[in-house]
Every structure is written in C-alpha cells, then in structure tokens.
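One structure below.
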Amino acid sequence: MPKVPEIKFNNGQTFPMFGLGTWKSKPGEVVQAVKDAIDIGYRHIDCAHLYGNEKEVGEAIKTKISEGVVKREDLYITSKLWCNSHRSDLVEPALKVTLKNLGLDYLDLYLIHWPVDFKAGPDLYPVDANDKFVFGNVDYVDVWKAMEEVNKKGLAKSIGISNFNKRQIERVLEKATIVPATNQIECHPHLNQKKLIEFCKSKGITVTAYSPLGSPDRPWAKPDDPKLTEDPKIVQIAAKYKKSPAQVILRYQIQRGNITIPKSVNKSRLRENLDIFDFELSSDDIAYLDTFDCNGRVCHFVEATGHPNHPFTNDDY
C-alpha cells in the first residue's frame, strides 16, 4: 500500500493524515479489524473511552508489536476524555484508565471528546429519577487546563479538542498556554465545515474529519436517509477516476488538508479506504463536491440537548 502522508501539528509533532476510526466497532470485531488495519499499513488508530472497546484495540496493538510487525513508536494512537470526567482531578485518572485499557505508556493524541460536561461518576450518560440527563457545570476552559497538565507530564504527546465550535475555540485560546493540535469534527460532503476549517487553520489547529463517509451505519439512521456512497453524482465522479465512491469521498478530505479517519471492520474495505494516494481529484471536482453541503449533520449529540455548551445550538459554526 502507498505511504500515508503526514501532517505537522503546531507543536512540531507529525501525524499520519489517514487512520482507522473505531466508533461503533463492536468488541468482538475490533481486535481483528485493528490487526488487519496494521497489517495493511494503517499506523493511526482513533479510539475513545466512550466506545467501550479500548481493551480490544490494545490487545490487537500488543499482538502486532509482539509479532514484530510494528514498534510502539510506529503507531499513532488517539483517545478522548469523556464528559463525565471533566473535573480537574478526574482528567489524569481518566487518561490512565485509557492507557491501562490500551496497554500503553502514553498516547500520541488526547482530545476533549465534547465541550459538554456531565455529572461526574461512573455513568457515561448519568440520568436522574425521571430519566433526564444530568449535566455538570465544569467549564471546558478548565478542562483544557487539566489537559495541558497531562501533556506536560508526557502522558499525551499532543492534546486537542473535538466537536468544539468557533466561539468555544476562541474561549480556549484566550486562556491556553498550549494551542490545541487538532479539532476533530464531523466532516463530509453533506457537511463540509468550510468556515470552521478555515477558522481552525487560521489559528494553527489542524482538522480531523470523523464520519467522513457520512456514518451510514449509525444506529439512528433511517432507511430513506441519503447515502453519500450511493449518490449518482459521486458514483459518476468515481467512474471517471476508476475508483469507488468511498475512495472519492475520502480523497476529498485528504486534498482539503484534513486528517481522515473512516471506520471499518471489513478487511477488503480497510484496504480500499487506504488506497487513495495514487490519484488526485481535479480542483473542479473538489469545488463540485463542496456544493453538496446541506448542513447534513448526522451526529447531533441529542443527549446533551439543553446543555449551555452544546456546540450545535447556535449559529457560531
């Protein structure tokens, strides 16, 4: 497989522009998927405590290191701090749980998963007696200060944010001593995030595109929801380049300069997704794909509806 290009973070660290997403990868499937991905040439694995599969990801990493396929320093492992561990005294312990589950001494990148704070405790989605979600009141700016501390201790080589909007990034930057390395956001032709990407880049923050194929396997998808890979216009572009629609959509992100992390547990799909570095979309085709934007967000984080820091409840992109 072709070598994946790297992007340089604002702290000088380099990171592969393409990786494997593990959201929705079931514990029974993810071990083999990560092993296959590493064999195929993936070196960047995107994880999160919320996904409930980090032990299995760690098992696959350990196997591939012990087989001599890779060394630890060849891999770039990302994880994310969940919303129930935002309190300053909980950030480092939460990261250490993730490290233990993954069987690692450090992360290459650690992100605040959402700017929203839930009640601290063991429940990922704490609810009250009426089944209403219970929010906390920790300011994400204070969470960022705690993230800076785990970075200084070497527990995470780089730190960043996820699902933050422009206003929230501006507030972090006002107090930050370390600028976030990346903002991981939903990004695909139906939600191209042009304004937010331009803003992030103006601040030296890279963008990581999650759900780059529109997350067609999301649990709440309706049968008649549009599927990007089946869009006749994208199918037509793919035919021109003798590539699959998925490859065109993924290439679109790479050419926009975004780190891209599609999820798959299918070996042939893993291979196909990575095989996007031997062609280039024309500037006209990139511009055409930009016109598909319809604010078609698929990850709304409805559990946090009503929280004052819900990132999608105002017009501040």
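We use all heavy atoms of the structure for the numbers below, so side chains are in, but hydrogens, waters and symmetry mates are not.
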### Identified side chain to side chain contact (heavy atoms under 4.5 Å, CB included) partner of Phe292 from the options Leu191, Ile234, Asn192
Ile234
### Message
Which residue in the set Thr177, Leu173, Val172 passes side chain to side chain contact (heavy atoms under 4.5 Å, CB included) when paired with Trp144?
### Response
Val172
Would you please say whether a donor-acceptor pair under 3.5 Å links the side chains of [X] and [Y]?
| X | Y | result |
| --- | --- | --- |
| Glu186 | Ser211 | no |
| Asn258 | Gln193 | no |
| Gln13 | Ser158 | no |
| Asp290 | Tyr252 | yes |

### side-chain hydrogen bond (donor to acceptor under 3.5 Å, both in side chains) partners of Lys166, counting only residues at least two apart
Glu170
### Summary
Residue set satisfying ring-ring contact (aromatic ring centres under 6.0 Å, His included) with His44, at least two apart, ordered chain then number -> Phe15
### Message
Does atom CG (Asn137) have a neighbourhood of more than 12 heavy atoms from anything else shown, all under 6.0 Å?
### Response
no
Does this structure show an ion pair linking [X] with [Y], if we count only N-O contacts that are shorter than 4.0 Å?
| X | Y | value |
| --- | --- | --- |
| Asp142 | Lys175 | no |
| Arg87 | Asp117 | no |
| Lys64 | Glu67 | yes |

### Task
Would you kindly confirm whether Val4 and Ile38 end up in one hydrophobic cluster when ILVMFWY residues are joined by side chain heavy atoms under 4.5 Å apart?
yes
